[in-house]
Amino acid sequence: MLEIQKLSKSYGSSLAVDDVTFTVPGGQVGILLGPNGAGKSTIIKSIAGLLRYKGMIRIEGLPARTLEAKKVFAYVPEIPNMFDALTVREHVEYVRMAYSSDITDEEVEEILKEFEMDDKQDKLGNELSKGMMQKVSICCALAVKPKVILLDEPMVGLDPAAIKTLKEVVLRLRDQGVTVLISTHMLEMVEELWDIMFVMEKGKIIGSYTKEDARGRDLDDLFFAMTGGEKE
């Protein structure tokens, strides 16, 4: 479970996030939506521990700033950062050791193979394309064997095969009881994934829907109905 309670964040005199509260129940896929400047990135960075904020964030019932919470949490940023001098496999091993993950060598091989990186394990970070870096970032997050995972625009830069694989992985994680939060503007990419959606505007959550509430309506229909926009 991922809980956000009364989260606020200001940059100087500008209030980026204003008293935001929402919950992604355990074993569900939440989608965070909103136009540019709505405050999504600030929430994402707050959850990931990259910003100071007011309010409370809990991961599996634990305060997000605690070491215990960080051990069961994984984050895939929008823009992946690689170590230039580490290979693909060494990136995964670095995360594996940092989190004291109990993932096996066989499981690591399966993850790399699933994302078609098993034959690129010896490539250095500075030799990777944007899409490859994104795949490595996802593989590293999965190596943590998290109970809560946060993905920020995870499909940007991925080829169609990798997007298909990532969707399958998200559904598998949900089936395993993992809580997933995806921040994205690519509504069509998450149409078949979501269980609960949250729409942001001007630093606030202006509405949410569960899949049951939607009654078969498309995700983009719900989004534009809330924001007052129109489908293109």
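Only this structure's heavy atoms are used, side chains among them; waters, hydrogens and symmetry mates stay out.
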Closest approach of [X] and [Y], non-hydrogen atoms and distance?
X	Y	answer
M132	K120	CE-CE, 3.4 Å
L2	T179	N-CG2, 4.1 Å
L32	I205	CD1-CD1, 4.2 Å
A141	I149	CB-CD1, 4.0 Å
L166	P154	CD2-CB, 3.7 Å
C139	I111	SG-CG2, 3.6 Å

Starting at [atom1] of [X], measure out to [atom2] of [Y] and round the result to the nearest 0.5 Å.
X	Y	atom1	atom2	result
I103	E110	CD1	CD	8.5 Å
S41	L51	OG	CG	10.0 Å
I47	D152	CD1	CG	10.0 Å
I44	L181	CD1	CG	5.0 Å
I31	L193	CD1	CG	6.5 Å

Please test I4 against T23 for side-chain contact (heavy atoms from CB on, under 4.5 Å), starting from the C-alpha separation and ending with a verdict. CA-CA 6 Å; I4 315 297; T23 298; over 6 Å; no
Under the 3.5 angstrom rule, does the side chain of [X] hit a backbone N or O of [Y] as a donor-acceptor pair?
X	Y	answer
E127	L124	yes
T21	K6	yes
E60	M1	yes
T210	I196	no
T66	P63	yes
S101	A143	yes
S137	M133	no
E201	G34	no

Might you work through the side-chain contact (heavy atoms from CB on, under 4.5 Å) test for K40 and H185, ending with a clear yes or no? CA-CA 10 Å; K40 300 193 308 299; H185 68 278; 5.7 Å; no
Do the side chains of [X] and [Y] get close enough for a salt bridge, i.e. N-O under 4.0 angstrom?
X	Y	answer
R89	E93	yes
E168	R172	no
R96	D105	yes

Out of curiosity, does [Y] fall in the hydrophobic cluster containing [X] (side-chain heavy atoms, cut-off under 4.5 Å, transitive links)?
X	Y	answer
L187	L222	yes
L171	V190	yes
V92	V95	no
V148	L151	no
I59	M56	no

Close side-chain approach of [X] to [Y], heavy-atom, < 4.5 Å:
X	Y	value
I138	L142	yes
S46	I57	yes
V24	F198	yes
Q121	D118	yes
V136	M82	yes
K167	E192	yes
M200	L33	no

As a quick check of understanding, evaluate side-chain contact (heavy atoms from CB on, under 4.5 Å) for V169 and L173, giving each step before the final call. CA-CA 6 Å; V169 167; L173 289 172; 4.0 Å; yes
Enclosure of K9 NZ (heavy-atom neighbours >12, cutoff 6.0 Å):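 Atom NZ in K9 is crowded, with more than 12 foreign heavy atoms closer than 6.0 Å.
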Answer yes or no: does atom NZ of K130 have more than 12 heavy-atom neighbours from other residues, nucleotides or ligands under 6.0 Å?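 It does: K130 NZ has more than 12 such atoms within range.
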Set of side chain to side chain donor-acceptor pair (under 3.5 Å) partners for R174, sequence neighbours left out: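 If we apply the side chain to side chain donor-acceptor pair (under 3.5 Å) test to R174, skipping adjacent residues, the hits are D195.
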Is it possible for you to check whether R65 lies under 6.0 Å from the centre of the six-membered ring of Y53, through NZ or CZ, and within 45° of that ring's axis?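 Yes - R65 lies over the ring of Y53, closer than 6.0 Å to its centre and within 45° of its axis.
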Determine, for F115 and K113, whether the Lys NZ or Arg CZ falls below 6.0 Å from the six-membered ring centre while staying within 45 degrees of the axis.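 No, K113 and F115 do not form such a contact.
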Under a plain distance cut-off of 3.5 Å, with no hydrogens placed, do E153 and T184 share a side-chain donor-acceptor pair?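 Indeed, the side chains of T184 and E153 share at least one donor-acceptor pair under 3.5 Å.
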Pick from V88, T165, D159, L112: which one makes a side-chain contact (heavy atoms from CB on, under 4.5 Å) with K135?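 Result for side-chain contact (heavy atoms from CB on, under 4.5 Å) with K135: D159.
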Where does the angle between the aromatic ring planes of F83 and Y94 fall among parallel (under 30°), tilted (30 to 60°) and perpendicular (over 60°)?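 Rings of F83 and Y94: perpendicular, as their planes differ by over 60°.
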My understanding is that only residues two or more places apart in sequence, or in another chain, count here; which of them pass salt bridge (charged side-chain N to carboxylate O under 4.0 Å, His left out) with K145?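 In terms of salt bridge (charged side-chain N to carboxylate O under 4.0 Å, His left out), with neighbours along the sequence ignored, K145 is linked to D102, E107.
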Begin from the C-alpha positions of L158 and V156 and carry the test side-chain contact (heavy atoms from CB on, under 4.5 Å) through to its verdict. CA-CA 6 Å; L158 294 182; V156 174; over 6 Å; no
Result block: side-chain N/O donor-acceptor pairs under 3.5 angstrom for residues 68-80, not counting sequence neighbours:
none

